[in-house]
Amino acid sequence: MNKPLAGIRVVEVSMWAFVPAAGAVLADMGAEVVKIEPPAGDPMRWLTYSGIAPGAYGFTFLWEIFNRGKRSITVDLNVEGATELLHRLLEDADVFLVSLLPSARRKLKIDIEDVRSRHPRLIYAVGSGQGAFGPEADKGGYDSLSFWARGGVASAVTPDGSPYVLQQPGGAFGDSISGAILAGGIAAALAQRATTGKVSVVDASLLGTSMWVMQTGIIGATLAGVNELPKLSRDVVPNPLVNSYRTSDGRFIALCMLQGQRYWPGFCEAVERPELIDDPRFDSDEHRSANLKACVATLDDIFATRTLAEWQAILVRQEGQWNIVQQAGELARDAQAVANRFIQEVDYGDGRALKMVSTPLQFDRQALDARPAPELGAHNDEVLAELGYTDEQIIDLRVAGVVF
């Protein structure tokens, strides 16, 4: 098994998807991640998504995705004595990964200075909605709000004149991206500590990540002095060979031939329309752009004549870049994804197995192995014993309501 972060210990106090996603990436990379959950558990355990209820088909799959490979202990951090237990966990940890708001961290006395004063070598990593500073530093955030809506993504993909704003294409869409960014920052901080001894506080936010993915729109609009760059549609594009077209069986093929003039002749030959090569409306980039609607309509008619499978066989005969527009469920069967282990089957050891998407990093050409997510409080006794608590002390912690 490939574990580049083997030996690194992470203590996670977080819920939902953004920060847990960072912990999942670190766990896939081999770090030992101990997740502290409240007595009722991370709410992600109980979330219904797209009509799929918790436990349906044998899994609470949202929980599994973002908490794979971790250990779970249940601690009520609001009970007297619980903070001391947390500090015991942090004594040998390398990273404290947290999503609690600043006000909650201050109340529990586990804010940056509280923790760093006792654990000076500990990397303190925070995921937030809007960032660590400014008037909304203590405001929470969900990816549908801080990433999708506020970050400009929703507006950019919603067609002008639409009566509503488009929704994210999938659950935890912005969370997954932001979590990967946070995990990368933590890995960089670990490398910095190892090479220079400097210990960092790592911050990532949903808003900051959305601005990163939207940076071409943000900077372009700023330069142009407008709020948003003009939106493209399939009949308002600079190049008809950078577009999508419907096949006769209702599927779509996406073209991305940025060098239109280079690929136009070979494309026309492959689709058996050689007369279009020298058609005065379409014989140059300039003419295709000037007659854009006519060119798109012509290509619409061409693609409507054959099925997806037929077009796949035809388009490989020309050099221009293209791909099919896949649906989410198809990716688990995509031959390229399977060959590269972008999708993997996680064995739960009890007759159950769940396909998971691999962390999108490979080391030495090997995918990182994902492992099952823990049951609520599954590792209470195990982790407490590792910290040196005796059986009697563990019972006392239960009686006091610190652990469950």
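If you check the side chains of Gln130 and Ser205, you find no donor sitting under 3.5 Å from an acceptor. Inspection of the Asn380 and Thr74 side chains reveals an N or O donor paired with an N or O acceptor under 3.5 Å. Between the side chains of Glu113 and Tyr124, no donor N or O sits under 3.5 Å from an acceptor N or O. In summary, the side chains of Glu375 and Ser72 do not present any donor paired with an acceptor at a separation below 3.5 Å, with no hydrogens or angles considered. Counted by atom type alone, Glu12 and Ser14 present one or more donor-acceptor pairs between their side chains at under 3.5 Å.
When all heavy atoms of Ala370 and Asp28 are compared, the closest pair comes out as CA-OD1, 3.6 Å. A pairwise comparison of heavy atoms in Trp46 and Ala40 identifies NE1-O, 3.0 Å as the closest pair. Here the closest heavy-atom approach between residue Asp175 and residue Ala17 is recorded as OD2-CB, 3.4 Å. Heavy-atom minimum distance, Tyr142 versus Leu206: C-CD1, 3.6 Å. Summarising the geometry of Leu122 relative to Val199, their closest heavy-atom pair is O-CG1, 3.2 Å, with the distance given to 0.1 Å. Here the closest heavy-atom approach between residue Gly23 and residue Val33 is recorded as O-CG2, 3.7 Å.
To the nearest 0.5 Å, atom CZ of residue Arg121 and atom CG of residue Leu90 are 13.5 Å apart. With rounding to the nearest 0.5 angstrom, the CG atom of Leu223 is 9.0 Å from the CG atom of Leu229. Phe59 CZ to Arg352 CZ: the interatomic distance, rounded to the nearest 0.5 Å, is 4.5 Å. Atoms CD1 and CZ, from Ile73 and Phe404 in turn, are 12.5 Å apart once rounded to the nearest 0.5 Å. In this structure, Leu241 CG and Gln321 CD are separated by 10.0 Å, a value rounded to the nearest 0.5 Å. Atom-to-atom distance recorded for Leu354:CG and Glu64:CD is 6.5 Å, nearest 0.5 angstrom.
Between Phe303 and Tyr245, the angle of the ring planes stays under 30°, which puts this pair in the parallel group of the 30/60° scheme.
By the 4.5 Å heavy-atom criterion applied to side chains, Met356 and Ile343 are not counted as neighbours. Using a 4.5 Å heavy-atom cutoff, the side chains of Val242 and Leu255 are not in contact. Looking at Asn239 and Leu292, their side chains never come closer than 4.5 Å, going by heavy atoms from C-beta outward.
Of the residues Gln344, Gln362, Met29, the one that meets the side-chain contact (heavy atoms from CB on, under 4.5 Å) test with Leu368 is Met29.
Salt bridge annotation for Arg288-Glu286: absent, with no cationic side-chain nitrogen under 4.0 angstrom from a carboxylate oxygen. Under 4.0 Å is where a charged nitrogen must lie from a carboxylate oxygen, and between Glu386 and Arg71 at least one such pair does. Classification of Asp138 and Arg105 as a salt-bridged pair fails, no side-chain N sitting under 4.0 Å from a carboxylate O. Of the charged side-chain nitrogens involved, at least one lies within less than 4.0 Å of a carboxylate oxygen, so that Arg150 and Glu136 count as a salt-bridged pair. Under 4.0 Å is where a charged nitrogen must lie from a carboxylate oxygen, and between Asp42 and Arg45 no such pair does. Classification of Asp249 and Arg306 as a salt-bridged pair fails, no side-chain N sitting under 4.0 Å from a carboxylate O. Salt bridge Arg246/Asp300: absent, no basic N to carboxylate O contact under 4.0 Å. A salt bridge does not link Asp114 with Lys109: every distance from a Lys NZ or Arg NE/NH1/NH2 to an Asp or Glu carboxylate oxygen is 4.0 Å or more. With salt bridges taken as basic N to acidic carboxylate O contacts below 4.0 Å, one links Arg341 and Asp369. Classification of Glu330 and Arg251 as a salt-bridged pair holds, one side-chain N sitting under 4.0 Å from a carboxylate O. Looking at Arg317 and Glu269, no side-chain N of the basic residue comes within less than 4.0 Å of a carboxylate O on the acidic one, giving no salt bridge.
For Phe66 and Phe18, the gap between ring centers reaches or exceeds 6.0 Å.
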Yes or no on salt bridge (charged side-chain N to carboxylate O under 4.0 Å, His left out) for Asp94 and Arg9, after CA distance, side-chain angles and deciding distance?
-> CA-CA 5 Å; Asp94 298 284; Arg9 300 190 66 191; over 6 Å; no
